[in-house]
Structure formats: C-alpha cells, structure tokens
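Presented below is the structure to which this report refers.
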Amino acid sequence: MAASMSWRRLMHSVYSPAMAGVFTRITDRIFRARDRRGGSSVLLLAPLLAETDPKPCSFAKPLRSAGAHGAHGLSSHFQWMAEHVPAFRVPGTHVHILTSPDQFYQTMKARIKTAQRRVVMASLYLGTGQLEQELVDFLEEALQRSQESSRSPELRVSVLLDYTRGSRGQINSRTMLLPLLKRFTSQMRVSLYHTPDLRGLLRLLVPQRFNETIGVQHIKVYLFDDSVIISGANLSDSYFTNRQDRYVLLENCKGVADFFCDLVEAVGDVSLQLQPDDSVHMEEGMVHPYKGNRQEFSAAAKKRIMEVVNTAQARQQMLNWSEESEDEGVSEGEDDTWVFPLVQMKPLGISVDEQVTQRLLTDVAPDSTVFLTSGYFNLTRAYMQLVLGAGASYRILTASPEVNGFFGAKGVAGAIPAAYVHIARQFYNQVCQLGQQQRVHLHEYHRSQWTFHAKGLWYYLQGQPRPCLTLIGSPNFGYRSVHRDLEAQIAIVTENEELQSQLQEEQQMLYQRSSEVSPSTFDRPDRYVKLWVKLVTPLIKNFF
C-alpha cells in the first residue's frame with residue numbers, strides 16, 4: 001500500500017512537462033558522477049514522460065534498385081529496405097498465414113514435437129494455465145526424446161522472456177520453466193531481459209503490476225529447426241483461444257530462421273540468466289542492466305545485437321548479388337518473395353524498424369490503399385503526420401472498448417479502454433478538420449467474448465486486387481513500441497499470387513468483424529469518457 005501511494009505521489013509530481021524537464025536536469029546532474037563511478041543511477045520517471053517523437057525522417061532515394069523481376073517489379077519497388085536490413089529471398093509457397101489462436105497453438109505443439117536441433121521461443125511472458133503447461137510438457141517430451149535418440153541428442157531449447165512480466169507473482173513464467181531447467185540444464189537456456197530504464201529509486205517505487213510499463217522484451221518469435229513463426233501473440237491461454245492476433249509461418253526458410261535464432265541469442269546474452277535454483281545472473285563480462293552503468297549497458301547491448309543485423313545484411317547482400325549476376329539464376333517463380341526483418345530497440349539506441357516504417361509510410365503511392373491495424377491505437381506523432389499527409393487511402397482498424405484487453409480490469413487499468421476511445425476521437429477529429437474523411441477511415445473490431453491484439457499493415461498498390469506487402473510482428477505503431485520496448489517484425493514483399501490471396505483473406509477476415517467510425521460513434525453512452533480519464537490519457541499513451 002505504501003509503495004502504491006508513493007507511486008501515485010511520484011506520478012503526480014512529475015506530470016507537468018515543465019516540472020519534468022527541471023526534475024530531469026536536476027537528477028541527471030546529481031547522479032551523473034555516480035554513473036561514472038559504476039554505481040546504479042536513479043532513473044526517475046520524469047525523463048520517460050517527455051514527448052520525443054521525431055519529425056518524419058527524410059530519406060535519400062536509392063541510386064539503384066537491384067533484383068527487379070516479375071510483372072510489377074515489386075522487388076525493385078521495395079528493394080530500398082535492403083539498405084537498412086537483411087533481405088532474404090524465399091519461395092512464396094513456404095509462407096503460410098495462420099488465422100486463429102487455436103491454429104497458432106496447434107502449429108507450435110506440432111513443430112515442437114518434430115524439432116530435432118533447436119526450439120527458440122521469444123515472448124513477453126509464459127502463462128501459468130493448463131494450455132501453457134501442456135506446451136511445457138511438449139518441450140519436456142522433445143528434450144527427453146533427444147536424450148534417448150542416438151540421432152538427435154543435440155536438441156537445444158532457448159526461451160527469452162521479459163524479467164518483470166515473467167517474475168510477477170509467486171507462480172509465474174520462471175516457476176513454469178524451472179523443472180525443465182533443472183532436468184535438462186545442459187540443453188536449456190532461459191533468458192530474462194530487464195530494461196535498463198527501470199533502475200534505482202524508480203525500480204523501488206513502481207509496484208510489481210506496473211513496472212513493466214517502463215519497458216519490456218516484447219519480441220514474439222517461435223522457431224523450430226528451420227521454420228519460424230513471427231507473431232504478436234504471447235505464450236498465454238487467451239492467445240491460444242479467444243484473443244485475435246496475427247501469425248505467419250515461414251516453413252523451411254533456413255536463412256530467416258538462422259537470423260532470428262541469432263537475434264534471440266544476442267538479446268539473451270545481454271539478459272539475466274535463470275538458474276535451476278531460481279536465481280539469476282548476468283553472463284560473464286556483461287554490464288548489469290540496472291546495477292551497472294546505463295550508457296555502458298546500452299552500448300554493449302547495441303553492439304552485440306547490431307552485430308547480428310549487420311552480419312546478416314552483409315551476407316545477404318553478397319548472396320543476392322551473386323544470384324542476380326548469374327545468367328540463368330533461380331527458376332522463374334521459385335524465390336518470388338522477400339522477407340525483411342525489422343528490429344526496434346530504442347532504449348538500446350536501435351531504431352531500424354522506425355526508420356523503415358517511416359520510409360514506407362512516406363513512399364506509399366497516391367491512389368494506393370493501406371490497411372493498418374493495432375490492438376492499442378496510439379500512433380506516434382511522426383506516424384500520424386505521415387498518415388494524415390499522405391495521398392494513399394488508409395483504413396485503420398483498432399479494438400472497440402469491449403474487445404480491448406484491459407476491458408473490465410480493476411483500478412487504473414480499467415480506464416485504459418476509455419483512454420483509447422479518447423485517443424481515437426482526437427485522431428478522428430483531426431481527420432475531419434483536415435477534410436480527409438474520404439481518404440482516412442477508422443474502424444472498430446467487434447467480437448463477443450474475444451479480445452483484439454492484431455497489429456500490422458497490408459499494402460495494396462494502385463489498381464491491384466491483392467496486397468503485395470505486409471508488416472507483421474510485435475510493434476503496435478505506438479509510443480511504447482517505438483520508444484520503450486524491444487520489438488521485431490518482418491516486412492514480406494511477394495509476387496506470389498497464392499500468398500497475396502492469403503494476405504487478402506486475412507485482412508478481409510479481420511475487417512469483416514468491424515464497423516466504421518462516424519461522428520455519432522463517439523456520442524454513444526458506451527463511448528463516454530470521464531474527465532479524469534481524459535486528463536491521464538497523455539500518461540496512458542506513453543506507458544500502455
């Protein structure tokens with residue numbers, strides 16, 4: 001109770017932007033010297049409240065677009081992404097869009113059962129219910145089979161979770177995995193990422209239920225040998241039953257799987273390592289995320305993670321150049337799809353996803369159409385400016401209050417759906433003020449007894465009946481995704497008509513359960529937002 005009261009007093013004291021700026025400068029001076037001595041600085045909440053959305057980045061147009069092929073030259077149209085990230089060519093027939101929580105869950109169990117070399121799972125947390133236990137049991141059986149089999153004793157399981165969310169409560173993600181860690185110590189690795197922004201006095205004052213708002217490990221990657229699922233879904237029962245998300249399976253795509261395996265391994269290296277006795281420690285030589293120097297930790301973590309990105313990018317550039325320089329090359333239609341992994345880790349100084357997303361939103365052609373979804377509609381200022389200033393048509397899908405994951409929650413969390421209604425109304429008002437109602441449309445997702453967590457976009461070029469590009473993964477296009485959390489998604493560019501049809505069906509399936517927002521929407525009694533909720537909405541925008 002005392003901690004909760006201290007939290008409220010702290011939030012109240014730094015709510016004013018002017019006070020936040022003063023408080024930031026004072027605390028920076030006080031603790032800068034201590035940081036230089038290697039002590040743990042007190043990162044107070046004030047700096048985290050500052051609005052730091054940049055203006056949209058300006059990008060130089062590429063001098064040369066490599067790899068153009070196909071009727072529409074899609075690879076040439078989007079090849080600029082390869083200047084920022086690795087570019088993997090894969091057969092479109094190896095990419096499968098999963099459409100339901102149950103399909104996601106059953107696919108994971110089936111893949112764990114047949115895994116021979118590696119299972120890699122990155123998520124915010126692992127739940128503690130029956131379905132989650134069944135998943136752990138499948139991991140146990142796979143590890144046991146690998147010990148008994150002379151052909152595949154090399155199976156390794158690596159799990160990356162967030163420290164704060166994974167440690168919440170007496171029964172938590174850690175306690176779910178400890179039996180495996182004790183039994184298969186040499187084959188198991190459980191890494192718990194801790195944000196460097198939660199430290200010092202802030203770490204002591206923020207209650208357990210709210211400490212994850214400062215920043216978390218939010219990547220959702222599930223990898224089985226050379227196949228990988230990229231999603232926005234966590235390892236929790238609702239995500240296996242009645243929480244709508246998005247999921248894509250890249251089957252037998254070794255290059256992509258290797259990249260995400262290396263990425264999760266790198267984040268794991270800078271994370272706390274769970275031990276069989278439930279203790280944690282850092283890898284030898286690594287700076288501690290909240291006891292060590294903040295700048296030194298971020299620099300070391302950035303170096304380790306960007307080594308993975310840069311090495312893969314250089315390797316793929318050489319491979320793609322070699323393939324393009326051959327006269328015969330790949331058989332027509334074989335590798336008709338490009339996969340571009342996008343990583344966003346602003347606390348560590350990594351902003352690849354933000355740069356690519358801004359460029360993509362800048363380059364959308366007039367008369368093309370973008371379908372964009374987010375479970376928590378809270379576009380950054382830069383993204384909002386690009387949407388409102390574009391020539392393309394936008395249809396934006398977000399959760400109605402009753403399918404928001406916080407609907408019916410107790411305390412402050414229960415106000416979050418209303419806060420998102422307020423955010424949506426502010427955005428819609430801007431659309432109307434600018435006279436953009438014919439170009440920018442806002443939709444609300446409805447589904448009884450379900451919640452909505454899908455995020456990403458689909459890009460339809462002018463005159464084309466199917467999307468040629470999608471973004472899919474963990475980011476929500478909001479403040480937290482850009483500035484606080486560790487995020488990863490992929491851009492898929494495809495000329496494969498079957499895959500394009502899958503993407504179109506996925507997009508239509510989600511939007512068929514929606515209704516378009518109009519001025520009367522916000523006049524309904526269930527859209528009424530109390531004054532105090534409006535006042536705390538800027539805080540919610542930054543932390544939820």
Side-chain angles (χ1 to χ4, degrees), residues 98-112 119-140 157-180 190-193 208-213 216-224 229-249 264 274 374-376 399 403-410 413 416-417 445 447 449-455 472-476 480-481 485-489 544:
L98 311 181
T99 58
S100 72
D102 182 66
Q103 189 180 13
F104 167 58
Y105 182 59
Q106 299 301 333
T107 299
M108 280 205 299
K109 290 198 299 182
R111 297 288 167 164
I112 291 172
V119 173
V120 179
M121 309 181 88
S123 181
L124 174 63
Y125 68 105
L126 169 68
T128 59
Q130 181 179 348
L131 294 179
E132 297 93 319
Q133 184 59 58
E134 187 175 343
L135 205 63
V136 173
D137 292 343
F138 267 70
L139 288 173
E140 182 178 18
V157 174
S158 177
V159 181
L160 170 66
L161 305 173
D162 181 69
Y163 178 91
T164 55
R165 186 62 179 268
S167 304
R168 182 196 293 178
Q170 292 184 340
I171 302 176
N172 52 43
S173 304
R174 292 163 64 163
T175 60
M176 291 288 289
L177 293 169
L178 280 175
L180 289 185
V190 179
S191 305
L192 302 170
Y193 174 83
Q208 189 178 71
R209 186 183 176 194
F210 293 97
N211 56 12
E212 68 182 81
T213 63
V216 295
Q217 193 303 113
H218 202 246
I219 297 169
K220 315 317 174 31
V221 170
Y222 309 107
L223 191 152
F224 318 95
I229 297 175
I230 308 296
S231 179
N234 289 302
L235 296 173
S236 180
D237 55 359
S238 63
Y239 291 90
F240 304 151
T241 54
N242 64 344
R243 187 159 172 79
Q244 183 63 59
D245 216 302
R246 297 184 65 209
Y247 340 81
V248 59
L249 169 65
V264 173
L274 184 64
S374 176
Y376 304 107
V403 299
N404 186 293
F406 291 95
F407 186 74
K410 296 180 180 179
I416 293 175
Y445 185 89
R447 193 171 185 180
Q449 304 301 313
W450 281 60
T451 55
F452 182 73
H453 197 246
K455 70 272 293 185
I472 182 169
S474 65
N476 277 294
R480 281 200 58 172
S481 290
D485 300 339
L486 302 195
E487 307 279 10
Q489 64 177 336
F544 292 93

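Just the heavy atoms: all of them, side chains too, but no hydrogens, waters or symmetry mates, feed the values below.
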message: Does any part of the side chain of M108, heavy atoms only, come nearer than 4.5 Å to the side chain of M121, both counted from C-beta?
response: yes
task: Would you tell me whether Y222 and S231 have side-chain atoms, one donor and one acceptor, within less than 3.5 Å of each other?
output: no
Main-chain N/O of Y163 paired to Q217 side chain as donor or acceptor, under 3.5 Å: no
Shortest non-hydrogen contact between I112 and F138, atoms and distance: CG2-O, 3.6 Å
field: Close side-chain approach of E132 to D237, heavy-atom, < 4.5 Å
entry: yes
message: Between S123 and N234, is there a side-chain donor-acceptor contact under 3.5 Å, judged purely by atom types and distance?
response: yes
task: Measure from the side-chain N and O atoms of S374 to the backbone N and O of N476, and report whether any donor-acceptor pair falls under 3.5 Å.
output: yes
- line: Taken to the nearest 0.5 Å, the spacing of R165 CZ from Q208 CD works out to 10.5 Å
- prompt: CZ of R480 to CG of D485: how many Å apart, nearest 0.5 Å?
  reply: 4.0 Å
task: Report yes if the side chains of L160 and V120 come closer than 4.5 Å at any heavy-atom pair, otherwise no.
output: no
- request: Provide the closest heavy-atom pair for P475 versus A488 in the form atom of the first, atom of the second, distance.
  value: CD-O, 3.7 Å
- prompt: Is there a donor in the side chain of T164 and an acceptor in the side chain of D162, or the other way round, less than 3.5 Å apart?
  reply: yes
Pairwise distance CG(N242) to OG(S100) - rounded to 0.5 angstrom: 11.5 Å
- prompt: S236 side chain to Y239 main-chain N or O, any donor-acceptor pair under 3.5 Å?
  reply: no
- prompt: Side chains of D245 and K220: does their closest heavy-atom pair fall under 4.5 Å?
  reply: no
Spacing of Y105 atom OH and E134 atom CD [to the nearest 0.5 Å]: 3.5 Å
task: Of all the heavy-atom pairs spanning I230 and G473, show the shortest one and how long it is.
output: CG2-CA, 4.1 Å
task: Looking only at non-hydrogen atoms, find the nearest pair between S474 and H218 and report the distance.
output: CB-O, 3.1 Å
message: Testing the basics here: between M176 and V136, what is the closest heavy-atom pair and its distance to 0.1 Å?
response: O-CG1, 3.9 Å
- request: Determine the interplanar angle of the F240 and F104 rings, folded into 0 to 90°, and report it as parallel if under 30°, tilted if 30 to 60°, perpendicular if over 60°.
  value: tilted
message: Let me confirm one number: the OG1-CD distance from T128 to Q133, rounded to the nearest 0.5 Å.
response: 9.5 Å
- request: Side-chain contact test, heavy atoms from C-beta onward, threshold under 4.5 Å: evaluate it for L161 versus L177 and give yes or no.
  value: yes
- prompt: Do L131 and T241 touch side chain to side chain, with heavy atoms closer than 4.5 Å?
  reply: yes
task: State, with a plain yes or no, whether a side-chain heavy atom of I229 is found less than 4.5 Å away from one of F224.
output: yes
- prompt: Where do A233 and Y247 come nearest, in terms of heavy atoms and distance?
  reply: CB-CE2, 3.9 Å
query: Taking C-beta and beyond as the side chain, do F452 and R243 meet within less than 4.5 Å on heavy atoms?
result: no
message: For V157 and L180: C-alpha separation, side-chain torsions, deciding distance, then whether side-chain contact (heavy atoms from CB on, under 4.5 Å) applies.
response: CA-CA 10 Å; V157 174; L180 289 185; over 6 Å; no
message: How long is the straight-line distance from CD1 of I472 back to CG of L98, given to the nearest 0.5 Å?
response: 8.5 Å
